[in-house]
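So that the names make sense, note that chain A is the first sequence line, chain B the second, and so on, each numbered from 1.
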Amino acid sequence: MTAYTPKQIEPKWQSYWEEHHSHEVNDHSKRPKYYCLDMFPYPSGSGLHVGHWRGYVLSDAWSRYKKLQGYEVLHPMGWDAFGLPAENDAIKKGIHPSIGTARNIANFKKQLQQMGAMFDWSREINTSSPEYYQFTQWIFVQLFKMGLAYRKEMPINWCPSCKTGLANEEVVDGGCERCGSPVTKKNMNQWMLRITNYADRLLDDLDKLQWPDKVKKMQANWIGKSVGAHVRFSLVGADEEIEVFTTRPDTLYGATYMVLAPEHPLVAKITTADARDAVNDYVSQTLHKSALARQIVDKTKTGVFTGAYAINPATKKPIPVWIADYVLLDYGTGAIMAVPAHDERDFDFAKAFSLPIVQVIRPNSHVQGELQNLHEAYIGEGVLMNSGALDGLTIQEAKKAVIAFLEERKKGSGATTYKLRDWVFARQRYWGEPIPVVHCEHCGIVPVPEDELPVLLPDVERYEPTGTGESPLAAIESFVHTTCPTCGGPARRETDTMPQWAGSCWYFLRFADPRNDKEPFAKDKVNHWLPVDMYIGGVEHAVLHLLYARFFTKALYDRGVIGFDEPFIHLFNQGMMTLDGAKMSKSKGNVVSPEELIEKYGTDTLRIYELFVGPPEIDAEWNPRAIDGVHRFLSRTYRLVEENVQHAPHTGTLLRNKLRHRFLQQVTERLESFRFNTVVSAFMEFTGAMADYSDPIDRETLETLTLCLAPFAPHLAEECWQLLGHNDSVFMALWPTVDPTMLVDDEIEIVLQVNGKIRDRMVINVSSTQEEVIAVALSRDSLSPFLAGRTIQKQVYVQGKLVNFVIR
RNA sequence: GCCGUGGUGGCGGAAUUGGCAGACGCAGCGGACUUAAAAUCCGCUGGUCAGAGAUGACCGUACGGGUUCAAGUCCCGUCCUCGGCACCA
């Protein structure tokens, strides 16, 4: 008898796979394609921990299962290698970010290879290599030509610590997503992507995706579609109009005042002389408040009257125009009509400043009249009142009527707005893709011709962000000074770089054809492999990466570059691995590294333990001891094959065949529904049950066990497969099929209940009828103490499960 | 505040459609093997009460109600956990 020695088995099979190019995928295979993708990592300096492993093990087990099912499986890996840590390291140590990045990649790769995953390393990509980013730049040029990339001067989110502009999606609780510093506003002229053009499609196409509902909802909320109307209010004694957006045009008669955002351009024009000092004070106060203070911490209403009046187009009455910081400049039109009776915020404001409150919606339960002592806004269903000709209409009817009224008078129209903003796409940092355009005095903004790409990221002396709103590239004369591709005259290069998300917006496409140096990918290859069938990664990318990647995919589809408009069919979010209840991170000092575990137990044990800790989508606490049980299980399994293989009959007894098919059925079913933790339980039960019978264990049982184990413990499975006399890799074989006739038993045990309490059990023949079962049950001595002298009111029989006698 | 998720033994968790709650594993206890220990193997292991004992009764899936012959599972209400959004008109 030889013991289970992963230290010998695992390197042996890893070399075998490498020598036989087992994991290299074939573009022209006759097998159906399957694309299983991990969210590729940023190669940080701290390396991988057991939390990172979780998703990778999951996707590898799934990929290997799909391979055994007969698919040609693309399961690639690469590096999201542009990003701030490498740059910060460069600032600190003065070494080029590419050097640290290369070192980290080497380390990550070594660690991932230890996992024994079936990554096709011949397709490895690195977003910071010119071979890759030339095409990130190419895509930018396409977006520019489609009118989706544009420059705009506007106040954007600015991180004073990272010294760069940020996208809306990168601001979390008023702080920088990366470093947590409070974000301020900075007026900047920079690049934007018109993601809002795609708002409706990004929202509607969520229906096509088999993603967790949670992620779909998060994206839908982020897009934030609201349907309503634009309404223009005339000003008393002035030519300008104030345009507002409202979702409640039906409440127009109840609009008793208006509010502009303090930064609204009309504020300076309409403010009367009397109000000017107070307004100026308030505006400057607002500008100094951080986003955090304004939106999150303090919601008490403040504001000042501008002295101006507007005319309510419905009532024709003048209403005062205020400014207040509860109205945001960058949503809707930056101005509102306030209907205090039917909006909580307006109600609070009206109370605070004693503004009139006019009820225009009556709850259906109130036949007539106003609600007495309105002490909160009424936002429920109802019918119109105090609204002239609209009185008695439902809210829905009134919305239509008011929009028609406004359109007729040219005072407004139906309108839809979104919370989604255009994407601030420029970063004033070094370690990213240079935005491939030049600024020419004569021709304006000119994209770099496609055949001149890449615009190489030049070496610089100093990597520090300048903080002036310019990237470090601006200091390199030789980079900045160039000639205009159109007129040949002197021109300046764009010095901003792309955000970290740029490379990951299309890397899943590049894996289809990663060595193509002429184009991002050949059309036939990308249309063959894509879309991704299964995408596995953390939920932290629910809006950022996943929304951006969908946007790029749709834009490239519109450009005719690819033939599909959604990149990821299935999405699975694995849970975090925690230690002491906290997410593992180097800064918290609670990381568990896979190295020593592999040293002690072997890779296969760690792989299975990662799956066994709990449901894959739920966070799991690392338990350093529980891994022993998994290791014991693998040792037992190895021993089972090793001890029995010599004397195993080809086929087993009926009992063993039934056991085997039931096991196979369980594993397949649980695997299909991603219940990996219970798959492992099924293995443990099966190997345990095998010892319960004295007849010899047969080859079919041992082969099924080995095949089923292969996705999870591939090294051990290969070894067992070889012990079973096969010369090929186990992954050349096919997943066994369940014989349904083996799943049914002739006899089954059912439970006997009296008044829902279990009193006995008995074995019946499967073909027994209800009458037969009940008759037998009634004749049982065990039930007579409970039934004697009682009237049976009801008999419940659940086929093959139980009998319940209901007595009085 | 709004939207979403979850709450089951000492611990991680199982129970897919309402039908034997606690599979499987960890930890613990007892035993076998051993001079001994480790490793390995076998058995027990939700709680309370009664019994010398086999065993039996009752309670038990966050809490309070309800539906049902039957509820961890369905309905109503409450509390707590975690996540997302956060004055979005």
Side-chain angles (χ1 to χ4, degrees), chain A residues 3 172-174 212-222 224-226 228-229 244-248 251 255 258-259 261 294-301 324-328 330-339 342-346 348-349 417-421 539-540 542-543 576 581 609 612-615 617-630 632-633 635-636 639 669-670 672-673 675 677-688 691 749-758 761 792-807:
Chain A
V172 178
D173 290 339
D213 286 341
K214 177 187 161 137
V215 175
K216 290 200 208 181
K217 285 210 172 101
M218 282 169 72
Q219 290 213 352
N221 286 342
W222 191 264
K225 181 176 183 171
S226 294
V244 303
F245 172 75
T246 177
T247 54
R248 295 295 303 275
T251 61
M258 300 189 78
V259 186
R294 179 164 169 187
Q295 295 185 13
I296 295 162
V297 179
D298 186 7
K299 288 185 182 173
T300 51
K301 298 289 178 285
D325 67 1
Y326 83 92
V327 173
L328 307 173
D330 56 1
Y331 181 77
T333 61
I336 62 160
M337 65 177 215
V339 184
H342 305 291
D343 180 284
E344 289 176 30
R345 298 150 301 181
D346 298 344
D348 292 346
F349 192 82
T417 58
Y418 301 88
K419 285 199 236 178
L420 184 71
R421 299 297 132 75
V539 73
E540 65 272 18
V543 272
M576 280 188 317
Y609 180 64
F612 190 55
V613 279
E617 70 280 11
I618 307 281
D619 292 350
E621 173 72 11
W622 182 260
N623 178 344
R625 294 245 275 251
I627 193 169
D628 285 321
V630 172
R632 278 197 277 269
F633 157 69
S635 304
R636 269 199 297 272
R639 210 163 49 233
E669 198 176 87
R670 294 174 182 188
E672 287 289 341
S673 49
R675 283 141 59 217
N677 53 326
T678 60
V679 169
V680 180
S681 301
F683 276 106
M684 290 170 168
E685 281 176 83
F686 182 55
T687 53
E749 189 185 65
I750 64 166
V751 166
L752 303 180
Q753 294 182 335
V754 177
N755 277 359
K757 297 204 166 153
I758 298 157
R761 291 146 207 279
I792 295 175
Q793 282 189 322
K794 191 170 179 181
Q795 301 166 348
V796 182
Y797 176 60
V798 182
Q799 177 73 41
K801 291 237 169 94
L802 58 76
V803 176
N804 187 14
F805 296 109
V806 184
I807 59 169

### Query
Which part of the nucleic acid does A:V613 contact within heavy-atom distance under 4.0 Å: base, sugar-phosphate only, or nothing?
sugar-phosphate
### Query
Which word best sums up how the rings of A:Y326 and A:F349 line up, parallel for under 30°, tilted for 30 to 60°, or perpendicular for over 60°?
tilted
### Query
Is the number of heavy atoms from other residues, nucleotides or ligands under 6.0 Å of A:E749 CD greater than 12?
yes
### Query
Between A:A682 and A:Y331, which is nearer to the 5' end of RNA chain B once each is assigned its nearest nucleotide?
A:A682
### Query
Can you tell which of B:C41, B:G12, B:C59 lies closest to the side chain of A:F612?
B:G12
### Task
Grab the CE-P distance between A:M576 and B:C82 for me, whole Å please.
12 Å
### Task
Name the closest nucleotide to the A:K217 side chain, picking from B:C20, B:C85, B:C3.
B:C3
#### Entry: Given B:C69, B:U40, B:G84, the nucleotide with the shortest approach to the side chain of A:N804
B:C69
### Message
Taking the P atom in each of B:U8 and B:G72, what is the distance between them to the nearest angstrom?
### Response
15 Å
### Message
Please pick, from B:A27, B:U16, B:G25, the nucleotide with the shortest atom-to-atom distance to any side-chain atom of A:M684.
### Response
B:G25
### Query
Rounding to a whole Å, what distance do you find between A:E617:CD and B:G13:C1'?
12 Å
## Note on the structure
Closest of B:C26, B:A15, B:C20 to the A:R761 side chain is B:C20
### Donor-acceptor pair present, A:R632 side chain and B:U40 base, under 3.5 Å
no
### Query
Is A:R421 salt-bridged to A:D330, going by a charged N under 4.0 Å from an acidic O?
yes
### Query
In whole Å, what is the span from the CG atom of A:L802 to the C1' atom of B:U17?
15 Å
## Note on the structure
Taken to the nearest whole Å, CG/A:D619 to P/B:U81 is 16 Å
### Task
Decide if the gap between the ring center of A:W222 and the ring center of A:Y418 is smaller than 6.0 angstrom.
no
### Nearest-angstrom distance, P atom, B:C69 to B:U16
23 Å
### Message
Closest approach to the side chain of A:D325, judged atom by atom: which nucleotide of B:C87, B:G13, B:C26 is it?
### Response
B:C87
### Task
Hey, could you give me the NZ/CG distance between A:K794 and A:N755, rounded to the nearest 0.5 Å?
12.0 Å
### Query
Is any side-chain nitrogen or oxygen of A:N677 closer than 4.0 Å to OP1 or OP2 of B:A14?
yes
### Query
Going by atom types only, do A:T246 and A:R248 share a side-chain donor-acceptor pair under 3.5 Å?
no
#### Entry: Between C1' of B:G1 and CG of A:N221, the distance in whole Å
14 Å
### Task
For B:G10 versus B:A89, give the span between their P atoms, rounded off to a whole number of Å.
48 Å
### Integer-rounded Å distance: B:U5 P and A:K216 NZ
14 Å
### Task
Give the rounded distance in Å between these two atoms: CG of A:D213 and P of B:G83.
20 Å
#### Entry: Secondary-structure stems, RNA chain B, at least 3 Watson-Crick or G-U base pairs under 3.5 Å
B:1-4 with B:82-85, B:10-12 with B:24-26, B:28-32 with B:40-44, B:46-50 with B:55-59, B:62-66 with B:74-78
### Task
Please measure how far the P atom in B:C75 lies from the corresponding atom in B:C82, and state the result in whole Å.
25 Å
### Query
OH of A:Y609 versus C1' of B:C26: gap in Å, rounded?
8 Å
